[in-house]
Amino acid sequence: MYSPKKGSILNQRYPKSAEILQRNRQVIPGGVVSVNRATQPELVFVRALGAYMWDADGNRYIDYHAGFGPHFLGHNDPYVTEAVIRGLREDASLYGTGTTVPEGRLAELICEHAPAVESVQLLNTGSEATYQAIRLARAVTGNDHVINMQGGYNGWHNDVSNNLMTPLAQLGPRSTAGEYPYYPISAGVPIDHQRLVHAVNFNDLASVEYVCQQYPVAALITEPILQNIGIVHPEPGYLEGLRALADKYKFLLIFDEVKTGFRHAIGGCSSLYGVRPDLVVYGKAIANGYPIAAIGGKKEFMDRFVDPDPARRVLLAGTYNSHPVPTLAAIATIERLLMNGGEVYRYTEKLGARMQAGLESIAEQLDLEATVARQGSAFCLYFMDHRPKDWHDLAEHHAFAVDDRMRAELIGKGVYPFPLATKQWSISAAHTEDDIDVTLEHASCILSKLEGIPSRRTAAGVTSLRGR
Ligand SMILES: Cc1ncc(COP(=O)(O)O)c(C=O)c1O
């Protein structure tokens, strides 16, 4: 069962990291500028290139964290870096007035390749984009209520700061058809606002319908594949079912493709699954590590951002929206993703398949109750006998402590997954087969010695490695 880590370990093994962190803690709360960066061991990274990162003590790591996902091409991809440098030399600056050629070019590229996007607006972060998408949905529908997913993450603002990795003890029994209580992941969300947000299980259409029958719903926002708790795929028909419910109850279906967009396909999950949301948001892999995000969708909805009637117009503004540096980075990233007929996708799929086959074979040889869930370059190894269908399933069945320990030991060997159980592993186009094989060797060695991993041969009989 999931239980959050507490406290901080002063790390003797990484003295230079400890020194820098100690210093930064004097002036930055906790020493980190995003709460999710407070991790164990407390490493300070000073350099990254391609598939690798180096800490302040000179240790090199094969990186599977990818800065929470953006670095699909690897760190400091030369093509992207070159485009940014060229742009700066050619006088790119923030004019802050009127439109620019690069933002038009980026918008054209997104509209051309994302099936659900007829027009697009450019922002700085995924949270800004999900914020705007929900506000736009409220303006369009005239409704206030929002449905989101238990186990999903869509940013830090009031509409989505809830029900992420809620401990099982707090969740209680599975709720279907129904909703979970609002469990804030932030202090400061007004109670009146909490009443507008309804968390349901992923892959549970009955609960969406239940909420729609109780409240006037403006939007349902979900990652098409839940990727903040590893890789939780939609079951066949689920996304289509959401589309049908959106049409029936007249709410806007918002796909949060901040993690899935551009990493899994140039057209994101809307193209992979053939389901068109009303609005879609992108971030992360769109610019390979530079801060830019996008909100797009049907033109009739997007035009609300410029409606001549101030009572209908949705305020979209931002000093740094489509800043030239991340904009040029995004254009270069998309160009790179399109090169040689999408070679990057074929290559990373090959690496992902190699990793999956390797992990499955290790689990089989060691007789571990484990299963791999994967989408292209992104995967997660779960210590349970089937691939999870939602957070509740995970919270009930995954061996969290084993997952945490495996990650911690891998980091000690120079392999860096995000050090928290169930978090996504991300392969990049800069990884090599050798990187995958080295990772597998370490994983095999660690898993063969780790205690407490459930065996496939349980008292109840032999369970399947490959899941249901
Ligand atoms: C699916 C998803 N949506 C939205 C966000 C928020 O994006 P940002 O951190 O850029 O605000 C994240 C961040 O991890 C995310 O994973």
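Just so it is clear, the model here is predicted, and its values are computed rather than measured. All ligand and atom numbering here is 1-based and tracks the order in the structure. Here, residue 1 is the first one in the sequence, and each next residue gets the next number.
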Sequence neighbours left out, cut at 3.5 Å: what donor-acceptor pairs do the side chains of residues 101-112 make with other protein atoms?
residue: Glu103; atom: OE1; partner: Thr100; partner atom: OG1; Å: 3.1
residue: Glu103; atom: OE2; partner: Thr99; partner atom: OG1; Å: 3.0
residue: Glu103; atom: OE2; partner: Thr100; partner atom: N; Å: 3.3

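The pair Arg138-Asp159 counts as a salt bridge, with a side-chain nitrogen and a carboxylate oxygen less than 4.0 angstrom apart.
Ligand 1 lies under 4.0 Å from heavy atoms of Thr125, Gly126, Ser127, Tyr153, Asn154, Gly155, Glu223, Asn228, Asp256, Val258, Lys259, Lys284.
Tyr249 has its side chain out of reach of Val208: every pair of non-hydrogen atoms, C-beta onward, lies at least 4.5 Å apart. Between His157 and Thr130 there is a side-chain heavy-atom pair separated by less than 4.5 Å.
With Asn163 contributing its side chain and Tyr183 its backbone, the two residues share a donor-acceptor pair below 3.5 Å.
Ring planes of His323 and Tyr320: tilted class, angle from 30 to 60°.
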